[in-house]
2 protein chains.
Amino acid sequence: MKTPVTDDRLPRYQRLRDQLAHEIAMNRWRPGEAIPTEAALAQEYAISVGTVRKAVDALVSEGVLERQQGRGTFIRRPQFQSSLFRFFRFQGPGGERRVPESRILRVETVPAPSAVSQVLDLPADAPVIRMQRLRLLDAQPVLAEEIWLSQALFQPLLEVDLDREGPLLYPIYESLCGQVVASAEETLTAEAASEVHARLLHTEPGSPVVVIERLARDYARKPLEWRRSRGHARHFHYSVEIR
Amino acid sequence: MKTPVTDDRLPRYQRLRDQLAHEIAMNRWRPGEAIPTEAALAQEYAISVGTVRKAVDALVSEGVLERQQGRGTFIRRPQFQSSLFRFFRFQGPGGERRVPESRILRVETVPAPSAVSQVLDLPADAPVIRMQRLRLLDAQPVLAEEIWLSQALFQPLLEVDLDREGPLLYPIYESLCGQVVASAEETLTAEAASEVHARLLHTEPGSPVVVIERLARDYARKPLEWRRSRGHARHFHYSVEIR
DNA sequence: GAGTGGTCTAGACCACTCA
DNA sequence: GAGTGGTCTAGACCACTCA
(Lines give C-alpha, C1' and ligand atoms only; values in the text may rest on other atoms or scores of the structure.)
Protein backbone atom coordinates (compact mmCIF):
# COMPACT_ATOMS: atom_id res chain seq x y z
CA MET A 1 0.00 0.00 0.00
CA LYS A 2 1.54 3.30 -1.06
CA THR A 3 0.66 5.59 1.86
CA PRO A 4 -0.29 3.52 4.85
CA VAL A 5 -3.18 5.21 6.64
CA THR A 6 -4.37 2.05 8.32
CA ASP A 7 -3.35 -0.93 10.42
CA ASP A 8 -1.17 -3.47 8.57
CA ARG A 9 -2.78 -6.39 10.36
CA LEU A 10 -6.18 -5.70 8.82
CA PRO A 11 -7.26 -7.65 5.73
CA ARG A 12 -6.20 -6.11 2.44
CA TYR A 13 -9.73 -5.22 1.39
CA GLN A 14 -10.18 -3.30 4.65
CA ARG A 15 -6.90 -1.50 4.17
CA LEU A 16 -7.85 -0.54 0.61
CA ARG A 17 -11.26 0.63 1.85
CA ASP A 18 -9.55 2.82 4.48
CA GLN A 19 -7.02 4.10 1.93
CA LEU A 20 -9.76 5.04 -0.56
CA ALA A 21 -11.88 6.66 2.17
CA HIS A 22 -8.81 8.69 3.14
CA GLU A 23 -8.14 9.81 -0.43
CA ILE A 24 -11.80 10.74 -0.89
CA ALA A 25 -11.64 12.77 2.32
CA MET A 26 -8.50 14.48 0.96
CA ASN A 27 -10.40 15.41 -2.21
CA ARG A 28 -8.41 13.23 -4.60
CA TRP A 29 -11.66 13.14 -6.58
CA ARG A 30 -14.58 15.56 -6.56
CA PRO A 31 -18.21 14.52 -6.04
CA GLY A 32 -19.58 13.11 -9.29
CA GLU A 33 -16.12 12.15 -10.55
CA ALA A 34 -15.18 8.54 -11.29
CA ILE A 35 -12.53 6.73 -9.30
CA PRO A 36 -10.12 4.48 -11.26
CA THR A 37 -11.49 1.24 -12.68
CA GLU A 38 -11.33 -1.92 -10.61
CA ALA A 39 -8.58 -3.27 -12.86
CA ALA A 40 -6.55 -0.07 -12.45
CA LEU A 41 -6.94 -0.12 -8.66
CA ALA A 42 -5.96 -3.80 -8.59
CA GLN A 43 -2.76 -2.93 -10.45
CA GLU A 44 -2.07 0.25 -8.44
CA TYR A 45 -2.30 -1.58 -5.13
CA ALA A 46 -1.01 -4.94 -6.39
CA ILE A 47 -4.03 -6.94 -5.24
CA SER A 48 -6.58 -8.97 -7.15
CA VAL A 49 -9.73 -7.50 -8.66
CA GLY A 50 -11.92 -9.57 -6.34
CA THR A 51 -10.30 -7.91 -3.33
CA VAL A 52 -10.72 -4.47 -4.91
CA ARG A 53 -14.40 -5.25 -5.42
CA LYS A 54 -14.80 -6.09 -1.75
CA ALA A 55 -13.26 -2.75 -0.72
CA VAL A 56 -15.42 -0.84 -3.20
CA ASP A 57 -18.51 -2.80 -2.09
CA ALA A 58 -17.92 -1.56 1.46
CA LEU A 59 -17.78 2.09 0.38
CA VAL A 60 -20.82 1.64 -1.83
CA SER A 61 -22.84 0.23 1.06
CA GLU A 62 -21.65 3.13 3.22
CA GLY A 63 -23.10 5.48 0.62
CA VAL A 64 -19.76 7.05 -0.30
CA LEU A 65 -19.40 5.55 -3.78
CA GLU A 66 -21.93 4.71 -6.45
CA ARG A 67 -21.52 2.05 -9.14
CA GLN A 68 -22.84 2.38 -12.65
CA GLN A 69 -22.51 -0.75 -14.68
CA GLY A 70 -20.65 -0.18 -17.93
CA ARG A 71 -19.66 3.38 -16.90
CA GLY A 72 -17.59 3.31 -13.74
CA THR A 73 -17.68 3.96 -10.01
CA PHE A 74 -18.34 7.52 -8.87
CA ILE A 75 -18.02 9.69 -5.78
CA ARG A 76 -21.59 9.97 -4.57
CA ARG A 77 -23.09 13.38 -4.07
CA PRO A 78 -25.45 12.94 -1.13
CA GLN A 79 -29.09 13.77 -1.78
CA PHE A 80 -30.04 15.78 1.23
CA GLN A 81 -33.44 16.83 0.01
CA SER A 82 -34.51 13.31 0.76
CA SER A 83 -33.59 13.67 4.43
CA LEU A 84 -36.27 16.33 4.80
CA PHE A 85 -38.77 13.84 3.51
CA ARG A 86 -37.63 11.13 5.86
CA PHE A 87 -38.98 13.17 8.75
CA PHE A 88 -41.68 15.41 7.43
CA ARG A 89 -44.36 14.73 4.91
CA PHE A 90 -44.52 17.69 2.58
CA GLN A 91 -46.79 16.38 -0.07
CA GLY A 92 -49.03 18.03 -2.56
CA PRO A 93 -52.59 16.84 -3.15
CA GLY A 94 -51.34 14.26 -5.66
CA GLY A 95 -48.80 12.90 -3.16
CA GLU A 96 -45.80 14.30 -5.04
CA ARG A 97 -42.87 15.53 -2.98
CA ARG A 98 -42.25 19.22 -2.86
CA VAL A 99 -39.18 21.10 -1.63
CA PRO A 100 -40.38 23.87 0.68
CA GLU A 101 -39.29 27.34 -0.39
CA SER A 102 -36.82 29.23 1.74
CA ARG A 103 -37.05 32.67 3.32
CA ILE A 104 -33.96 33.92 5.15
CA LEU A 105 -35.06 35.99 8.13
CA ARG A 106 -31.71 37.05 9.48
CA VAL A 107 -27.99 36.54 8.92
CA GLU A 108 -25.46 37.78 11.43
CA THR A 109 -22.01 37.01 12.76
CA VAL A 110 -21.63 36.48 16.49
CA PRO A 111 -19.10 34.93 18.87
CA ALA A 112 -19.94 31.24 19.07
CA PRO A 113 -22.07 30.25 22.04
CA SER A 114 -20.29 27.49 23.89
CA ALA A 115 -22.68 24.75 22.74
CA VAL A 116 -22.03 25.78 19.13
CA SER A 117 -18.25 26.07 19.38
CA GLN A 118 -18.15 22.64 20.98
CA VAL A 119 -20.28 20.88 18.42
CA LEU A 120 -18.53 22.61 15.47
CA ASP A 121 -15.13 21.93 17.05
CA LEU A 122 -14.12 25.63 17.08
CA PRO A 123 -12.21 27.65 19.68
CA ALA A 124 -14.40 29.30 22.32
CA ASP A 125 -15.94 32.56 21.07
CA ALA A 126 -14.74 31.93 17.49
CA PRO A 127 -16.78 34.05 15.05
CA VAL A 128 -19.70 32.11 13.60
CA ILE A 129 -22.46 32.87 11.14
CA ARG A 130 -25.96 32.51 12.55
CA MET A 131 -28.77 32.23 10.08
CA GLN A 132 -32.49 32.08 10.76
CA ARG A 133 -34.79 30.96 8.05
CA LEU A 134 -38.30 29.80 7.44
CA ARG A 135 -39.37 27.04 5.08
CA LEU A 136 -42.77 27.48 3.48
CA LEU A 137 -45.22 25.51 1.36
CA ASP A 138 -47.99 27.49 -0.35
CA ALA A 139 -46.92 30.49 1.74
CA GLN A 140 -47.61 28.48 4.93
CA PRO A 141 -44.65 28.16 7.31
CA VAL A 142 -43.73 24.53 7.92
CA LEU A 143 -40.23 24.65 9.41
CA ALA A 144 -38.29 27.25 11.40
CA GLU A 145 -34.53 26.77 11.13
CA GLU A 146 -31.54 28.11 12.98
CA ILE A 147 -28.21 27.46 11.26
CA TRP A 148 -24.68 27.88 12.60
CA LEU A 149 -21.49 27.95 10.48
CA SER A 150 -17.84 28.78 11.06
CA GLN A 151 -17.26 32.27 9.67
CA ALA A 152 -13.73 31.32 8.61
CA LEU A 153 -15.06 28.67 6.24
CA PHE A 154 -18.29 30.30 5.10
CA GLN A 155 -17.40 34.02 4.78
CA PRO A 156 -18.53 34.14 1.10
CA LEU A 157 -22.15 33.52 2.19
CA LEU A 158 -22.21 36.97 3.76
CA GLU A 159 -21.56 38.62 0.40
CA VAL A 160 -24.46 37.26 -1.65
CA ASP A 161 -28.24 37.44 -1.61
CA LEU A 162 -29.01 33.93 -0.35
CA ASP A 163 -32.72 34.09 -1.11
CA ARG A 164 -31.80 34.29 -4.80
CA GLU A 165 -29.77 31.10 -4.75
CA GLY A 166 -32.65 28.65 -4.33
CA PRO A 167 -34.04 26.74 -1.36
CA LEU A 168 -31.15 24.31 -0.81
CA LEU A 169 -28.08 25.48 1.05
CA TYR A 170 -25.69 22.57 0.52
CA PRO A 171 -25.15 23.18 -3.20
CA ILE A 172 -24.41 26.81 -2.29
CA TYR A 173 -21.88 25.76 0.34
CA GLU A 174 -20.15 23.74 -2.35
CA SER A 175 -20.16 26.31 -5.14
CA LEU A 176 -19.44 29.39 -3.03
CA CYS A 177 -17.28 28.04 -0.23
CA GLY A 178 -15.89 24.78 -1.61
CA GLN A 179 -17.30 22.87 1.36
CA VAL A 180 -18.95 19.51 0.58
CA VAL A 181 -21.42 18.04 3.03
CA ALA A 182 -20.90 14.28 2.93
CA SER A 183 -22.90 13.01 5.88
CA ALA A 184 -24.94 14.24 8.78
CA GLU A 185 -26.16 13.07 12.14
CA GLU A 186 -29.68 14.00 13.12
CA THR A 187 -31.30 13.87 16.54
CA LEU A 188 -35.04 14.15 17.04
CA THR A 189 -36.95 15.43 20.00
CA ALA A 190 -40.38 16.96 20.54
CA GLU A 191 -41.35 19.95 22.66
CA ALA A 192 -44.15 22.39 23.30
CA ALA A 193 -43.95 25.46 21.03
CA SER A 194 -42.44 28.57 22.63
CA GLU A 195 -44.00 31.99 22.02
CA VAL A 196 -41.36 32.77 19.40
CA HIS A 197 -41.69 29.51 17.49
CA ALA A 198 -45.47 29.55 17.69
CA ARG A 199 -45.43 32.95 16.00
CA LEU A 200 -43.00 31.78 13.31
CA LEU A 201 -44.92 28.58 12.61
CA HIS A 202 -48.40 30.18 12.86
CA THR A 203 -49.48 27.88 15.62
CA GLU A 204 -50.45 28.11 19.28
CA PRO A 205 -47.86 28.40 22.04
CA GLY A 206 -47.69 25.04 23.81
CA SER A 207 -48.75 22.99 20.80
CA PRO A 208 -46.43 20.07 19.97
CA VAL A 209 -43.49 20.72 17.66
CA VAL A 210 -40.82 18.32 16.48
CA VAL A 211 -37.22 19.44 16.84
CA ILE A 212 -34.45 18.11 14.61
CA GLU A 213 -30.84 18.90 15.40
CA ARG A 214 -28.42 18.15 12.59
CA LEU A 215 -24.64 18.12 12.54
CA ALA A 216 -23.35 18.03 8.95
CA ARG A 217 -19.81 16.85 8.17
CA ASP A 218 -17.46 16.71 5.18
CA TYR A 219 -15.81 13.54 3.84
CA ALA A 220 -13.10 13.87 6.49
CA ARG A 221 -15.91 13.96 9.09
CA LYS A 222 -15.00 17.53 10.04
CA PRO A 223 -18.15 19.31 11.36
CA LEU A 224 -19.31 22.00 8.92
CA GLU A 225 -22.79 23.07 9.93
CA TRP A 226 -25.04 22.75 12.94
CA ARG A 227 -28.73 23.21 12.43
CA ARG A 228 -31.85 23.12 14.57
CA SER A 229 -35.20 22.86 12.78
CA ARG A 230 -38.64 22.98 14.31
CA GLY A 231 -41.81 21.90 12.55
CA HIS A 232 -45.47 21.25 13.21
CA ALA A 233 -46.00 17.84 14.72
CA ARG A 234 -48.92 17.31 12.37
CA HIS A 235 -46.54 17.32 9.38
CA PHE A 236 -44.22 14.96 11.14
CA HIS A 237 -43.86 11.35 10.10
CA TYR A 238 -40.94 8.98 10.30
CA SER A 239 -40.66 5.25 9.61
CA VAL A 240 -37.99 2.70 10.38
CA GLU A 241 -37.61 -0.99 9.85
CA ILE A 242 -36.11 -2.77 12.84
CA ARG A 243 -34.79 -6.33 13.30
CA MET B 1 -32.54 -25.07 -7.40
CA LYS B 2 -34.79 -27.62 -5.74
CA THR B 3 -37.97 -25.66 -5.11
CA PRO B 4 -38.01 -22.56 -7.27
CA VAL B 5 -39.48 -19.71 -5.24
CA THR B 6 -37.86 -17.01 -7.31
CA ASP B 7 -37.26 -15.70 -10.80
CA ASP B 8 -34.92 -17.88 -12.89
CA ARG B 9 -33.39 -14.86 -14.60
CA LEU B 10 -31.94 -13.52 -11.36
CA PRO B 11 -28.30 -14.25 -10.51
CA ARG B 12 -27.71 -17.49 -8.63
CA TYR B 13 -26.68 -15.79 -5.41
CA GLN B 14 -29.96 -13.84 -5.43
CA ARG B 15 -31.94 -16.99 -6.08
CA LEU B 16 -30.18 -18.77 -3.22
CA ARG B 17 -30.80 -15.78 -0.97
CA ASP B 18 -34.52 -15.89 -1.81
CA GLN B 19 -34.62 -19.67 -1.37
CA LEU B 20 -32.98 -19.48 2.06
CA ALA B 21 -35.22 -16.59 3.13
CA HIS B 22 -38.20 -18.71 2.09
CA GLU B 23 -37.02 -21.73 4.04
CA ILE B 24 -36.35 -19.58 7.10
CA ALA B 25 -39.86 -18.16 6.82
CA MET B 26 -41.18 -21.74 6.59
CA ASN B 27 -39.37 -22.55 9.86
CA ARG B 28 -36.88 -25.03 8.35
CA TRP B 29 -34.65 -23.84 11.22
CA ARG B 30 -35.61 -22.24 14.53
CA PRO B 31 -34.10 -19.01 15.88
CA GLY B 32 -30.66 -19.73 17.32
CA GLU B 33 -30.18 -22.83 15.17
CA ALA B 34 -27.36 -23.15 12.66
CA ILE B 35 -28.03 -23.40 8.94
CA PRO B 36 -25.90 -25.88 6.93
CA THR B 37 -22.25 -25.01 6.36
CA GLU B 38 -21.27 -23.05 3.28
CA ALA B 39 -19.72 -26.17 1.77
CA ALA B 40 -22.90 -28.17 2.38
CA LEU B 41 -25.07 -25.45 0.82
CA ALA B 42 -22.72 -25.26 -2.16
CA GLN B 43 -23.16 -28.98 -2.70
CA GLU B 44 -26.91 -28.97 -2.00
CA TYR B 45 -27.55 -26.25 -4.59
CA ALA B 46 -24.70 -27.22 -6.94
CA ILE B 47 -23.04 -23.80 -6.93
CA SER B 48 -19.64 -22.66 -5.74
CA VAL B 49 -18.86 -21.66 -2.18
CA GLY B 50 -18.13 -18.06 -3.26
CA THR B 51 -21.66 -17.75 -4.59
CA VAL B 52 -23.10 -19.26 -1.40
CA ARG B 53 -21.10 -16.71 0.60
CA LYS B 54 -22.62 -13.86 -1.39
CA ALA B 55 -26.15 -15.13 -0.69
CA VAL B 56 -25.40 -15.59 3.01
CA ASP B 57 -23.74 -12.15 3.13
CA ALA B 58 -26.99 -10.62 1.92
CA LEU B 59 -29.06 -12.28 4.66
CA VAL B 60 -26.47 -11.34 7.27
CA SER B 61 -26.61 -7.69 6.25
CA GLU B 62 -30.42 -7.88 6.37
CA GLY B 63 -30.12 -9.02 9.98
CA VAL B 64 -31.69 -12.44 9.36
CA LEU B 65 -28.55 -14.55 9.83
CA GLU B 66 -25.54 -14.19 12.07
CA ARG B 67 -22.06 -15.57 11.36
CA GLN B 68 -19.75 -16.93 14.02
CA GLN B 69 -16.32 -17.71 12.74
CA GLY B 70 -15.28 -21.28 13.51
CA ARG B 71 -18.81 -22.21 14.68
CA GLY B 72 -21.30 -21.69 11.91
CA THR B 73 -24.07 -19.41 10.63
CA PHE B 74 -27.16 -19.04 12.77
CA ILE B 75 -30.76 -17.81 12.55
CA ARG B 76 -30.65 -14.50 14.36
CA ARG B 77 -33.05 -13.87 17.22
CA PRO B 78 -33.85 -10.15 17.01
CA GLN B 79 -33.09 -8.04 20.08
CA PHE B 80 -36.18 -5.95 20.48
CA GLN B 81 -35.32 -4.40 23.80
CA SER B 82 -32.89 -2.24 21.89
CA SER B 83 -35.66 -0.76 19.75
CA LEU B 84 -37.17 0.85 22.84
CA PHE B 85 -33.86 2.51 23.47
CA ARG B 86 -33.57 3.77 19.94
CA PHE B 87 -36.47 6.08 20.57
CA PHE B 88 -36.65 6.76 24.27
CA ARG B 89 -33.92 7.38 26.74
CA PHE B 90 -34.69 5.39 29.84
CA GLN B 91 -31.51 5.78 31.73
CA GLY B 92 -30.65 5.54 35.36
CA PRO B 93 -28.45 8.13 37.09
CA GLY B 94 -25.34 6.21 36.02
CA GLY B 95 -26.50 6.20 32.39
CA GLU B 96 -27.19 2.45 32.35
CA ARG B 97 -30.12 1.22 30.29
CA ARG B 98 -33.14 -0.05 32.12
CA VAL B 99 -36.08 -2.02 30.78
CA PRO B 100 -39.26 -0.35 32.07
CA GLU B 101 -41.48 -2.67 34.08
CA SER B 102 -44.84 -3.64 32.68
CA ARG B 103 -48.32 -3.31 34.18
CA ILE B 104 -51.19 -4.79 32.16
CA LEU B 105 -54.25 -2.61 32.63
CA ARG B 106 -56.75 -4.55 30.59
CA VAL B 107 -57.01 -7.56 28.29
CA GLU B 108 -60.17 -8.18 26.27
CA THR B 109 -61.31 -9.76 23.05
CA VAL B 110 -63.27 -7.62 20.63
CA PRO B 111 -64.23 -7.68 16.95
CA ALA B 112 -61.34 -6.04 15.08
CA PRO B 113 -61.86 -2.37 14.29
CA SER B 114 -61.39 -1.90 10.56
CA ALA B 115 -58.00 -0.18 10.92
CA VAL B 116 -56.74 -3.15 12.95
CA SER B 117 -58.13 -5.88 10.72
CA GLN B 118 -56.57 -4.14 7.73
CA VAL B 119 -53.13 -3.74 9.20
CA LEU B 120 -53.09 -7.27 10.67
CA ASP B 121 -54.45 -8.67 7.40
CA LEU B 122 -57.50 -10.29 9.05
CA PRO B 123 -61.12 -10.59 7.86
CA ALA B 124 -63.38 -7.71 8.90
CA ASP B 125 -64.64 -8.12 12.49
CA ALA B 126 -62.32 -11.09 13.15
CA PRO B 127 -61.87 -11.57 16.92
CA VAL B 128 -58.75 -9.83 18.21
CA ILE B 129 -57.08 -9.45 21.57
CA ARG B 130 -56.75 -5.88 22.77
CA MET B 131 -54.28 -5.25 25.55
CA GLN B 132 -53.60 -2.00 27.34
CA ARG B 133 -50.50 -1.68 29.40
CA LEU B 134 -48.34 0.86 31.11
CA ARG B 135 -44.56 0.86 31.24
CA LEU B 136 -43.03 2.32 34.37
CA LEU B 137 -39.62 3.31 35.71
CA ASP B 138 -39.34 3.85 39.45
CA ALA B 139 -43.14 3.63 39.61
CA GLN B 140 -43.38 6.60 37.21
CA PRO B 141 -45.39 5.92 34.03
CA VAL B 142 -43.26 6.48 30.92
CA LEU B 143 -45.17 4.74 28.12
CA ALA B 144 -48.83 3.90 27.53
CA GLU B 145 -49.31 1.03 25.11
CA GLU B 146 -52.22 -0.39 23.19
CA ILE B 147 -51.57 -3.81 21.65
CA TRP B 148 -53.65 -5.72 19.11
CA LEU B 149 -53.26 -9.43 18.26
CA SER B 150 -55.21 -11.98 16.27
CA GLN B 151 -57.13 -14.11 18.77
CA ALA B 152 -56.71 -17.19 16.57
CA LEU B 153 -52.92 -17.04 16.92
CA PHE B 154 -52.60 -15.72 20.46
CA GLN B 155 -55.42 -17.47 22.38
CA PRO B 156 -52.96 -18.92 24.99
CA LEU B 157 -52.22 -15.40 26.23
CA LEU B 158 -55.73 -15.20 27.63
CA GLU B 159 -55.08 -18.15 29.91
CA VAL B 160 -52.05 -16.92 31.86
CA ASP B 161 -51.22 -14.10 34.24
CA LEU B 162 -49.17 -11.91 31.91
CA ASP B 163 -47.84 -9.63 34.63
CA ARG B 164 -45.97 -12.63 36.04
CA GLU B 165 -44.16 -13.37 32.79
CA GLY B 166 -41.80 -10.41 32.82
CA PRO B 167 -41.82 -7.06 30.99
CA LEU B 168 -41.09 -8.32 27.47
CA LEU B 169 -43.92 -9.75 25.40
CA TYR B 170 -42.05 -11.18 22.41
CA PRO B 171 -40.38 -14.02 24.32
CA ILE B 172 -43.85 -14.89 25.67
CA TYR B 173 -45.34 -14.90 22.17
CA GLU B 174 -42.65 -17.38 21.21
CA SER B 175 -42.86 -19.73 24.21
CA LEU B 176 -46.65 -19.68 24.65
CA CYS B 177 -47.92 -19.24 21.11
CA GLY B 178 -44.99 -20.35 18.91
CA GLN B 179 -45.02 -17.01 17.10
CA VAL B 180 -41.62 -15.47 16.41
CA VAL B 181 -41.35 -11.75 15.77
CA ALA B 182 -38.61 -11.33 13.16
CA SER B 183 -38.91 -7.69 12.13
CA ALA B 184 -41.06 -4.65 12.70
CA GLU B 185 -41.90 -1.39 11.05
CA GLU B 186 -42.24 1.63 13.29
CA THR B 187 -43.78 4.98 12.47
CA LEU B 188 -43.28 8.04 14.66
CA THR B 189 -45.53 11.00 15.12
CA ALA B 190 -46.12 13.54 17.88
CA GLU B 191 -49.38 14.87 19.24
CA ALA B 192 -50.87 16.80 22.13
CA ALA B 193 -51.86 14.53 25.03
CA SER B 194 -55.56 13.66 25.23
CA GLU B 195 -57.35 13.65 28.59
CA VAL B 196 -57.03 9.87 28.82
CA HIS B 197 -53.35 9.69 27.94
CA ALA B 198 -52.49 12.64 30.16
CA ARG B 199 -54.02 10.79 33.08
CA LEU B 200 -52.18 7.56 32.25
CA LEU B 201 -48.84 9.32 31.80
CA HIS B 202 -49.27 11.70 34.75
CA THR B 203 -48.92 14.77 32.57
CA GLU B 204 -51.06 17.71 31.48
CA PRO B 205 -53.64 17.39 28.72
CA GLY B 206 -52.22 19.16 25.66
CA SER B 207 -48.57 18.56 26.53
CA PRO B 208 -46.51 17.00 23.73
CA VAL B 209 -46.37 13.20 23.52
CA VAL B 210 -44.56 11.04 21.02
CA VAL B 211 -46.57 8.31 19.34
CA ILE B 212 -44.95 5.17 17.95
CA GLU B 213 -46.97 2.74 15.88
CA ARG B 214 -45.36 -0.62 15.35
CA LEU B 215 -46.32 -3.47 13.07
CA ALA B 216 -44.40 -6.63 14.01
CA ARG B 217 -44.02 -9.49 11.52
CA ASP B 218 -42.73 -13.07 11.50
CA TYR B 219 -40.02 -14.36 9.14
CA ALA B 220 -42.61 -14.81 6.40
CA ARG B 221 -43.49 -11.12 6.89
CA LYS B 222 -46.96 -12.06 8.09
CA PRO B 223 -48.24 -9.32 10.46
CA LEU B 224 -48.45 -10.62 14.04
CA GLU B 225 -48.95 -7.64 16.31
CA TRP B 226 -49.93 -4.02 15.98
CA ARG B 227 -48.99 -1.70 18.76
CA ARG B 228 -49.39 2.00 19.52
CA SER B 229 -47.22 3.48 22.28
CA ARG B 230 -47.32 6.98 23.67
CA GLY B 231 -44.60 8.52 25.79
CA HIS B 232 -43.54 11.83 27.28
CA ALA B 233 -41.76 13.95 24.72
CA ARG B 234 -39.16 14.81 27.35
CA HIS B 235 -37.98 11.20 27.40
CA PHE B 236 -37.87 11.10 23.65
CA HIS B 237 -34.64 10.99 21.74
CA TYR B 238 -33.73 9.48 18.39
CA SER B 239 -30.58 9.70 16.26
CA VAL B 240 -29.86 8.76 12.66
CA GLU B 241 -26.87 9.02 10.40
CA ILE B 242 -27.77 10.17 6.90
CA ARG B 243 -25.74 10.29 3.66
C1' DG C 1 -7.03 -32.09 14.74
C1' DA C 2 -11.40 -31.75 12.39
C1' DG C 3 -14.61 -28.44 11.05
C1' DT C 4 -16.16 -23.90 10.57
C1' DG C 5 -16.20 -19.24 8.51
C1' DG C 6 -12.68 -15.39 6.52
C1' DT C 7 -9.49 -13.80 3.03
C1' DC C 8 -7.54 -13.80 -1.37
C1' DT C 9 -6.39 -15.15 -6.02
C1' DA C 10 -6.70 -15.64 -11.27
C1' DG C 11 -9.50 -16.04 -14.57
C1' DA C 12 -13.88 -16.89 -17.51
C1' DC C 13 -17.84 -14.98 -19.29
C1' DC C 14 -21.93 -11.74 -19.18
C1' DA C 15 -24.46 -7.10 -19.31
C1' DC C 16 -24.23 -2.58 -20.09
C1' DT C 17 -22.43 2.06 -21.96
C1' DC C 18 -20.81 4.92 -25.30
C1' DA C 19 -18.34 6.52 -29.29
C1' DG D 1 -15.93 -2.76 -30.49
C1' DA D 2 -13.43 -1.18 -26.49
C1' DG D 3 -14.09 -0.50 -21.76
C1' DT D 4 -16.67 -0.80 -17.68
C1' DG D 5 -18.83 -3.16 -13.71
C1' DG D 6 -21.52 -7.94 -12.51
C1' DT D 7 -21.51 -12.88 -11.82
C1' DC D 8 -19.40 -17.13 -10.97
C1' DT D 9 -15.90 -20.65 -10.34
C1' DA D 10 -12.27 -23.66 -8.03
C1' DG D 11 -9.10 -23.63 -5.03
C1' DA D 12 -5.37 -22.07 -1.56
C1' DC D 13 -4.45 -20.75 2.91
C1' DC D 14 -5.66 -18.40 7.43
C1' DA D 15 -8.21 -17.73 12.01
C1' DC D 16 -11.09 -19.44 15.13
C1' DT D 17 -13.87 -23.05 17.89
C1' DC D 18 -14.38 -27.08 20.28
C1' DA D 19 -13.82 -31.83 21.63
Side-chain angles (χ1 to χ4, degrees), chain A residues 1-2 4 6-21 23-24 28-29 31-77, chain B residues 1-2 4 6-21 23-24 28-29 31-77:
Chain A
M1 215 117 308
K2 294 189 307 191
T6 179
D7 194 324
D8 262 21
R9 293 162 300 183
L10 290 174
R12 297 197 202 192
Y13 78 91
Q14 267 291 0
R15 272 141 65 197
L16 177 56
R17 180 235 158 261
D18 291 347
Q19 176 66 31
L20 289 174
E23 294 181 20
I24 291 166
R28 174 168 167 190
W29 310 279
E33 253 182 61
I35 66 169
T37 67
E38 298 180 342
L41 286 171
Q43 198 174 10
E44 181 176 351
Y45 293 98
I47 54 182
S48 81
V49 178
T51 303
V52 170
R53 284 190 68 79
K54 225 177 150 176
V56 171
D57 280 346
L59 290 167
V60 167
S61 78
E62 289 170 47
V64 174
L65 295 177
E66 190 170 25
R67 288 200 151 103
Q68 290 184 38
Q69 187 174 2
R71 303 220 313 127
T73 301
F74 301 83
I75 308 291
R76 185 160 170 265
R77 192 188 302 276
Chain B
M1 213 118 311
K2 294 189 309 189
T6 179
D7 194 323
D8 262 21
R9 293 162 300 183
L10 290 174
R12 297 195 200 191
Y13 77 91
Q14 268 291 1
R15 272 143 62 197
L16 177 56
R17 181 235 156 262
D18 292 348
Q19 177 66 33
L20 289 174
E23 294 182 19
I24 291 166
R28 174 165 168 192
W29 310 280
E33 252 181 63
I35 65 168
T37 69
E38 299 181 340
L41 287 171
Q43 199 176 10
E44 180 176 353
Y45 293 99
I47 55 183
S48 81
V49 178
T51 302
V52 170
R53 283 191 68 77
K54 224 175 151 175
V56 172
D57 279 345
L59 291 168
V60 168
S61 78
E62 289 169 47
V64 175
L65 295 177
E66 190 170 24
R67 287 200 152 100
Q68 289 184 39
Q69 188 175 0
R71 302 220 312 128
T73 300
F74 300 83
I75 307 291
R76 184 161 170 266
R77 192 189 302 276

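The chains referred to below are lettered A, B, ... by the order of the sequence lines, with proteins before strands, and numbering in each begins at 1.
The heavy-atom pair separating B:Ala46 from B:Arg12 by the smallest distance is O-NH1, 4.1 Å. Taking every heavy atom of both residues into account, A:Ala39 and A:Val49 meet most closely at CA-CG2, 4.4 Å. A pairwise comparison of heavy atoms in B:Phe74 and B:Gly32 identifies CD2-O, 3.4 Å as the closest pair.
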B:Tyr45/B:Arg15 under side-chain contact (heavy atoms from CB on, under 4.5 Å): CA gap, chis, key distance, verdict: CA-CA 10 Å; B:Tyr45 293 99; B:Arg15 272 143 62 197; over 6 Å; no
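A salt bridge links A:Arg67 and A:Glu38; the closest N-O separation between the charged side-chain nitrogens and carboxylate oxygens is under 4.0 Å.
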Intra- and interstrand pairs of DNA chain D - dot-bracket, Watson-Crick/G-U under 3.5 Å, | marks other strand: ||||||||||||||||||.
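Residues that satisfy the side chain to side chain contact (heavy atoms under 4.5 Å, CB included) test with B:Glu62, not counting sequence neighbours, are B:Arg17, B:Ala58, B:Leu59, B:Val64.
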Protein-nucleotides 4-11 of chain D N/O pairs under 3.5 Å:
residue: D:dT4; atom: O2; partner: A:Gly70; partner atom: N; Å: 3.4
residue: D:dG5; atom: OP2; partner: A:Glu38; partner atom: N; Å: 3.1
residue: D:dG5; atom: N2; partner: A:Gln69; partner atom: NE2; Å: 3.2
residue: D:dG6; atom: OP2; partner: A:Arg53; partner atom: NH1; Å: 3.3
residue: D:dG6; atom: OP2; partner: A:Arg53; partner atom: NH2; Å: 2.9
residue: D:dG6; atom: OP2; partner: A:Arg67; partner atom: NE; Å: 2.6
residue: D:dT7; atom: OP1; partner: B:Tyr13; partner atom: OH; Å: 3.0
residue: D:dT7; atom: OP2; partner: B:Lys54; partner atom: NZ; Å: 3.1
residue: D:dC8; atom: OP1; partner: B:Arg12; partner atom: N; Å: 2.4
residue: D:dC8; atom: OP2; partner: B:Arg12; partner atom: N; Å: 3.2
residue: D:dC8; atom: OP2; partner: B:Tyr13; partner atom: N; Å: 3.2
residue: D:dT9; atom: OP1; partner: B:Arg12; partner atom: NH1; Å: 3.1
residue: D:dT9; atom: OP2; partner: B:Ser48; partner atom: N; Å: 2.9
residue: D:dT9; atom: OP2; partner: B:Ser48; partner atom: OG; Å: 2.9
residue: D:dT9; atom: OP2; partner: B:Thr51; partner atom: OG1; Å: 2.4

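Applying the 6.0 Å contact sphere to CD of B:Gln43 captures no more than 12 heavy atoms from other residues, nucleotides or ligands.
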